[in-house]
Amino acid sequence: QVQLVESGGGLVQAGGSLRLSCAASGSTFGSYAMAWFRQAPGQEREFVSATTRNGGSTICADAVKGRFTISRDNAKNMVYLQMNSLKPEDTAVYYCAAGPFTSMTGPVYTYWGQGTQVTVSS
């Protein structure tokens with residue numbers, strides 16, 4: 001079992017940056033692919049980015065490509081999402097997720113955090 005706790009959200013102006021963190025419990029962190037999803041009010045949850053077990057490969061949604069970067073530190077049981085050039089449409093609750101392999105599909109992921117709010121003002 002893996003427990004995930006996100007942090008780093010907040011209010012930022014358009015064009016600004018934030019770095020989200022996700023702390024994972026358990027000694028098996030390195031056996032999971034990790035991902036970030038987001039959900040805006042009244043919208044469905046959408047995929048943001050994911051990384052393989054060793055962080056050697058990543059996938060990213062077109063909406064954030066070139067602006068967001070996912071990374072992980074298996075020694076610290078942490079996964080990060082560096083978000084640059086933020087836009088008002090990036091406003092959402094951001095969720096960290098762990099699963100058996102990288103996928104853009106939410107149900108692939110077994111464990112989810114509680115989320116952290118990101119608000120981008122125009």
Atom pairs and distances, side-chain donor-acceptor, residues 93-106, under 3.5 Å, sequence neighbours left out:
residue : atom : partner : partner atom : Å
Tyr94   : OH   : Arg38   : NH1          : 2.9
Tyr94   : OH   : Asp90   : O            : 2.6
Ser103  : OG   : Thr105  : N            : 3.0

Using residues 10-24 as the side-chain source, report each donor-acceptor pair under 3.5 Å to any protein atom, sequence neighbours left out, with the distance given to one decimal.
residue : atom : partner : partner atom : Å
Ser17   : OG   : Asn84   : OD1          : 3.0

Please table the atom pairs, donor to acceptor, closer than 3.5 Å between any side-chain atom in residues 54-63 and protein atoms at least two apart or in another chain.
residue : atom : partner : partner atom : Å
Asn54   : OD1  : Thr52   : OG1          : 3.2
Asn54   : OD1  : Gly56   : N            : 2.8
Asp62   : OD1  : Lys65   : NZ           : 3.1

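Between atom CG of residue Asn74 and atom CE of residue Met34 there is a gap of 9.5 Å, rounded to the nearest 0.5 Å. Taking NZ of Lys76 as the reference point, atom CZ of Phe29 lies at 12.0 Å (rounded to 0.5 Å). Rounding to the nearest 0.5 angstrom, the gap separating the CG atom in Leu4 from the CE atom in Met78 is 10.5 Å.
Applying the side-chain hydrogen bond (donor to acceptor under 3.5 Å, both in side chains) rule to Thr28 yields no partners; only residues at least two apart in sequence or on another chain are considered. Under the ring-ring contact (aromatic ring centres under 6.0 Å, His included) criterion, Tyr111 pairs with Tyr32, sequence neighbours left out. Contacts of Tyr109 classified as ring-ring contact (aromatic ring centres under 6.0 Å, His included), with partners at least two apart in sequence or in another chain: Phe37.
Following chains of ILVMFWY side-chain contacts shorter than 4.5 Å, one can reach Ile70 starting from Phe68, so the two form part of one hydrophobic cluster.
Proximity of Arg45 to Trp112: side-chain heavy atoms (C-beta onward) are separated by under 4.5 Å at one or more points.
Across every non-hydrogen atom of Gly9 and Val118, the tightest pair is CA-CG2, 4.1 Å. Considering all non-hydrogen atoms of both residues, Asp73 and Tyr80 come closest at CB-CE1, 4.3 Å.
Within 6.0 Å of CD on Gln114 lie no more than 12 heavy atoms contributed by other residues, nucleotides or ligands. Within 6.0 Å of CD in Gln3 there are 12 or fewer heavy atoms belonging to other residues, nucleotides or ligands.
Using modelled atom types, no side-chain atom of Thr116 and backbone atom of Ser7 make a donor-acceptor pair closer than 3.5 Å.
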